[in-house]
Protein chains: 2
Amino acid sequence: MVTVRQDVHSTGIPVLCQSCEARHRGVCGALDPDQLVGLAKTSSKHTIEPGVELIGDAETVDSYSNVLSGVVKLTKSLSDGRQQIVGLQFAPDFLGRPFKVESAINAEAATAVSLCSFPRASVERMMRESPELEHRLLKQTLNELDEARDWMVTLGRKTAAEKVASFLLMIARNIDPTLDPNTNSTSFELPLTRADIADFLGLTIETVSRQLTRLRTDSVIRIDNNRHVTVDSLARLASRSGA
Amino acid sequence: MVTVRQDVHSTGIPVLCQSCEARHRGVCGALDPDQLVGLAKTSSKHTIEPGVELIGDAETVDSYSNVLSGVVKLTKSLSDGRQQIVGLQFAPDFLGRPFKVESAINAEAATAVSLCSFPRASVERMMRESPELEHRLLKQTLNELDEARDWMVTLGRKTAAEKVASFLLMIARNIDPTLDPNTNSTSFELPLTRADIADFLGLTIETVSRQLTRLRTDSVIRIDNNRHVTVDSLARLASRSGA
DNA sequence: AGATGGTATTGACCGAAATCAAGGCTGTCG
DNA sequence: CGACAGCCTTGATTTCGGTCAATACCATCT
């Protein structure tokens, strides 16, 4: 028998499913205790290795998930193999496309990822019963739309140097949402390889590499082990991001 | 006293507000008759000239609108003036960003546009009362997100020639939603200038012009008066769009 | 008609990023 | 250990699209 714990997470978000004692804002926060018991019964926690495909292009999607930790990349491809990353999902984002059985996009773990998944049917039933859940989904979707449009500007109008700087800033802000623009130093692990960054920015790996070395030789950032980035001057990084 | 007519439009969409006897799917279809009377009282129809700004960057938005006819372009700009069109709204799209007072984007009439507008407060009240309305908004938002992500692929990974071909196909499909891929000929008025197309595709006007002349000299399309496009071979256009 | 202004086309040239190619670093496995 | 595979960096060269500049087209107004 599954029981539901109702602790409060340090972020203030209720910890709801026993199967995933972690922040869970995307879905659970909108439900009442009875619904939560039902949801907890059908939910399951997964840990996924980097590179594993979560949702294949043109596959039918039979579950929805909350991202509990790690980064998931959403990609689209042209028939000849050219690829574009169209979104990154960080915890506690919701993963899945309501009202459509077929997915036109690919979801893949960029880092190690832990997920809490629910069967499609449970989520859709609960959406019908609980307007508050749909309201939250609408809010997340509107945020994702804003982000997508911001990246359209980056893709369409920024130079390679500006793209890379914008990317680093975006990652820094997502890893540490409390980051304020006045601090001048921060550091984080890059969740993406050079190839992923290139696919995200519409560039080649060589160009990404060259721009990163340029930021390095100009002492804006340092990079250890290809992954660990230290930003020495957030202001200088921002000034190179094309506003 | 305002009365509400409840005819059915030729598209099957109910015609609801007296002030805008036209298709109106975005908002009104989700409301019950009582709500509609309330909405009709506060709604107002506007006709807007090409080039007029509807929502300014960083302005507060105090109304929501349905696009009844024409095309609205949504743009974002960098501080140095570089501009990117991040979306086009065709009838019967809904215009406005719920849950946010400030708009980060600019909306401008690309063609002559007619709108049916509602005060922010009416729409938000009705959203609270009517889950069905929120449901429709969620669906439209998800569709816009899909479109935005499709364009991210175009912006990031397609060549200039593919971008222009993709653009023409997208316009053709929006102007005539019943267009099936087997017909080989269609024609329409371009709703955007060369400058707008360039801003949409992340190119310059010169490049857009050159690609259009190339399609013309290759007899894929014809153009009259800079605006009226006839596609002679939809299949050949599609084969140049990069899939 | 001629003048004006907005919009589109065309050509010559240039430069940023792609492509091609070589080599370095790190970790794993025989 | 050495060989191998992945990932990243760096350099040389090419190319696609941008920039600059001239011209054309068309509508409107005098």
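When reading the values below, keep in mind they use all heavy atoms of this one structure, side chains included, and skip hydrogens, waters and symmetry mates. First the proteins, then the strands, lettered A, B, ... as listed; each starts at 1.
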Does any residue of residues 205-225 of chain A have a heavy atom under 4.0 Å from DNA chain C, and if so, which ones, in number order? Glu206(A), Thr207(A), Arg210(A)

Counterpart residues, side-chain hydrogen bond (donor to acceptor under 3.5 Å, both in side chains), relative to Arg173(B) (two or more places apart): none

Please list all pairs meeting side-chain hydrogen bond (donor to acceptor under 3.5 Å, both in side chains) that have one or both residues in residues 233-243 of chain B, counting only residues at least two apart or in different chains. Asp218(B)-Arg240(B)

Which residues share a side-chain contact (heavy atoms from CB on, under 4.5 Å) with Glu189(B), sequence neighbours left out: Arg227(B), His228(B)

Pair listing, salt bridge (Lys or Arg N to Asp or Glu O under 4.0 Å) test, anchored in residues 77-87 of chain B, at least two apart: Glu162(A)-Arg82(B), Asp80(B)-Arg82(B)

Which residues satisfy the side-chain contact (heavy atoms from CB on, under 4.5 Å) test with Thr111(B), sequence neighbours excluded? Val71(B), Val113(B), Pro191(B)

Reading DNA chain D from 5' to 3', where do the contacts with chain A start and stop? Cut-off is 4.0 Å to heavy atoms. dC8(D) to dA12(D)

d(Leu192(A) CG, Phe167(A) CZ) to nearest 0.5 Å is 4.5 Å

Does anything in residues 139-148 of chain A form a salt bridge (Lys or Arg N to Asp or Glu O under 4.0 Å)? List the pairs, not counting sequence neighbours. Glu144(A)-Arg149(B), Asp146(A)-Arg97(B), Asp146(A)-Lys100(B)

Sorted by chain and number, sequence neighbours left out, side-chain contact (heavy atoms from CB on, under 4.5 Å) with Asp180(A) holds for Asn182(A), Thr183(A)

Can you give me the first and the last nucleotide of DNA chain C (5' to 3') that has an atom within less than 4.0 angstrom of a non-hydrogen atom in chain A? dA17(C) to dC20(C)

Residues forming a side-chain hydrogen bond (donor to acceptor under 3.5 Å, both in side chains) with Asp232(A), sequence neighbours excluded: Arg222(A)

Could you tabulate the donor-acceptor pairs under 3.5 Å formed by side-chain atoms of residues 195-207 of chain A, not counting sequence neighbours?
| from | atom 1 | to | atom 2 | distance (Å) |
| --- | --- | --- | --- | --- |
| Asp196(A) | OD1 | Lys73(A) | NZ | 2.6 |
| Asp196(A) | OD2 | Lys73(A) | NZ | 3.4 |
| Asp196(A) | OD2 | Thr193(A) | OG1 | 3.4 |
| Asp199(A) | OD1 | Arg157(B) | NH2 | 3.0 |
| Thr204(A) | OG1 | Thr207(A) | N | 3.3 |
| Thr204(A) | OG1 | Thr207(A) | OG1 | 3.1 |

Base, sugar-phosphate alone, or nothing: which one does Gly202(B) contact when heavy atoms must sit under 4.0 Å apart? sugar-phosphate

